[in-house]
Amino acid sequence: QVQLVESGGGSVQAGGSLRLSCAATGDTFSRNTMGWFRQAPGKEREGVAVIYIDGGSTNYADSVKGRFTISQDNAKNTMDLQMNSLKPEDTAMYYCAADPGRMYWRPLDPSKYTYWGQGTQVTVSS
């Protein structure tokens, strides 16, 4: 079992920055792939960024490339998402997710992930 707890959400003006953090507990073998996903009101949940715990390689949605950076600290069992140059369209509930599998095919597909956090709200005003 894996437990995930997000923190760091909030409100910011367009162009600003926020840093989200996900604290993970439980079996490390159950979270070989971890990622950030988001869901805006009335929209489907979408993948933002994922990271492979055993190698550190990453994958980003086109909409956030160059603005967001995903990172991990295996010693602390945390995963962060640094979000810069935020836009109003980044407004959403952001979720941390994990899965035992190594998601090399469609890693940003939220339906493939087993464990989820409760989410943290990010609001970007224009």
Side-chain angles (χ1 to χ4, degrees):
Q1 280 287 357
V2 174
Q3 294 78 43
L4 305 171
V5 179
E6 303 95 335
S7 61
S11 298
V12 65
Q13 289 190 330
S17 298
L18 282 173
R19 188 176 184 91
L20 306 183
S21 186
C22 174
T25 59
D27 185 1
T28 57
F29 296 105
S30 294
R31 43 188 174 91
N32 285 304
T33 306
M34 295 188 69
W36 288 97
F37 298 78
R38 66 187 182 187
Q39 188 167 18
K43 294 187 177 182
E44 293 186 353
R45 191 169 296 188
E46 62 177 0
V48 175
V50 299
I51 188 165
Y52 303 101
I53 299 303
D54 59 356
S57 58
T58 59
N59 194 304
Y60 294 92
D62 288 343
S63 59
V64 306
K65 283 181 180 177
R67 301 189 298 123
F68 291 10
T69 302
I70 190 171
S71 61
Q72 62 183 12
D73 186 330
N74 288 338
K76 296 181 179 179
N77 290 326
T78 58
M79 176 184 66
D80 291 352
L81 185 69
Q82 178 66 42
M83 305 185 295
N84 298 328
S85 302
L86 282 161
K87 304 175 181 180
E89 51 263 44
D90 294 319
T91 295
M93 185 72 79
Y94 282 70
Y95 298 90
C96 171
D99 195 88
R102 290 173 173 82
M103 304 294 185
Y104 296 129
W105 182 70
R106 297 185 64 184
L108 295 173
D109 181 353
S111 69
K112 301 179 69 176
Y113 288 78
T114 302
Y115 303 105
W116 291 86
Q118 81 288 350
T120 186
Q121 178 68 37
V122 171
T123 302
V124 184
S125 58
S126 58

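Only a predicted model underlies this, so the values are computations on that prediction, with no experimental measurement involved.
Both L4 and W36 belong to a common hydrophobic cluster when Ile, Leu, Val, Met, Phe, Trp and Tyr are linked at side-chain heavy-atom distances under 4.5 angstrom. When the side chains of ILVMFWY residues are joined at heavy-atom separations under 4.5 Å, either directly or via intervening members, Y115 and M93 end up in two distinct hydrophobic clusters. Clustering ILVMFWY residues whenever any of their side-chain heavy atoms sit less than 4.5 angstrom apart, transitively, puts L18 in the very cluster that holds Y94. The hydrophobic clustering, which links ILVMFWY residues whose side-chain heavy atoms are closer than 4.5 Å, places V122 and F37 apart. Clustering ILVMFWY residues whenever any of their side-chain heavy atoms sit less than 4.5 angstrom apart, transitively, puts V48 in the very cluster that holds I53.
Within the model, atoms CZ of R31 and CD of Q3 stand 10.0 Å from one another, a figure rounded to the nearest 0.5 Å. For the atom pair CG (L108) and OH (Y60), the distance works out to 11.0 Å, reported to the nearest 0.5 Å. Rounding to the nearest 0.5 angstrom, the gap separating the OG1 atom in T114 from the CG atom in D99 is 3.5 Å. Expressed to the nearest 0.5 Å, how far OG of S30 lies from CD of Q1 amounts to 8.0 Å. Separation of atoms CD (Q39) and CD (E46) is listed at 9.5 Å; rounding is to 0.5 Å.
Using a 4.5 Å heavy-atom threshold, the side chains of K112 and T33 count as separate. Using a 4.5 Å heavy-atom cutoff, the side chains of D109 and M103 are not in contact. Looking at heavy atoms from C-beta onward, R102 lies in side-chain contact with D54 at the 4.5 angstrom threshold.
Within a 6.0 Å sphere centred on CD of Q118, other residues, nucleotides and ligands contribute more than 12 heavy atoms.
Summarising the geometry of C22 relative to M34, their closest heavy-atom pair is SG-CE, 4.2 Å, with the distance given to 0.1 Å. Taking all atoms of both residues into account, the shortest heavy-atom contact from Y113 to P107 is OH-O, 2.6 Å. When all heavy atoms of P88 and S125 are compared, the closest pair comes out as CG-C, 4.5 Å. Listed here is the closest heavy atom pair of S63 and R38: OG-NH2, 3.5 Å. Scanning all heavy atoms of the two residues, the minimum distance from A40 to A92 falls at N-CB, 3.8 Å. Counting all heavy atoms, side chain and backbone alike, Q72 lies closest to G56 at NE2-CA, 3.9 Å.
Side-chain atoms of T91 come within 3.5 Å of backbone N or O of V124 as a donor-acceptor pair.
W116 and Y95 have perpendicular rings, their planes meeting at more than 60° on a 0 to 90° scale where under 30° would count as parallel.
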Side-chain donor/acceptor pairs under 3.5 Å, residues 79-87, sequence neighbours excluded:
| from | atom 1 | to | atom 2 | distance (Å) |
| --- | --- | --- | --- | --- |
| D80 | OD1 | S21 | OG | 2.9 |
| D80 | OD2 | R19 | NE | 3.2 |
| D80 | OD2 | R19 | NH2 | 3.2 |
| Q82 | OE1 | R19 | NH1 | 2.9 |
| Q82 | NE2 | N84 | OD1 | 2.9 |
| N84 | OD1 | S17 | OG | 2.9 |

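Residues passing the ring pair (Phe, Tyr, Trp, His ring centres under 6.0 Å) test with Y52, sequence neighbours excluded: Y104.
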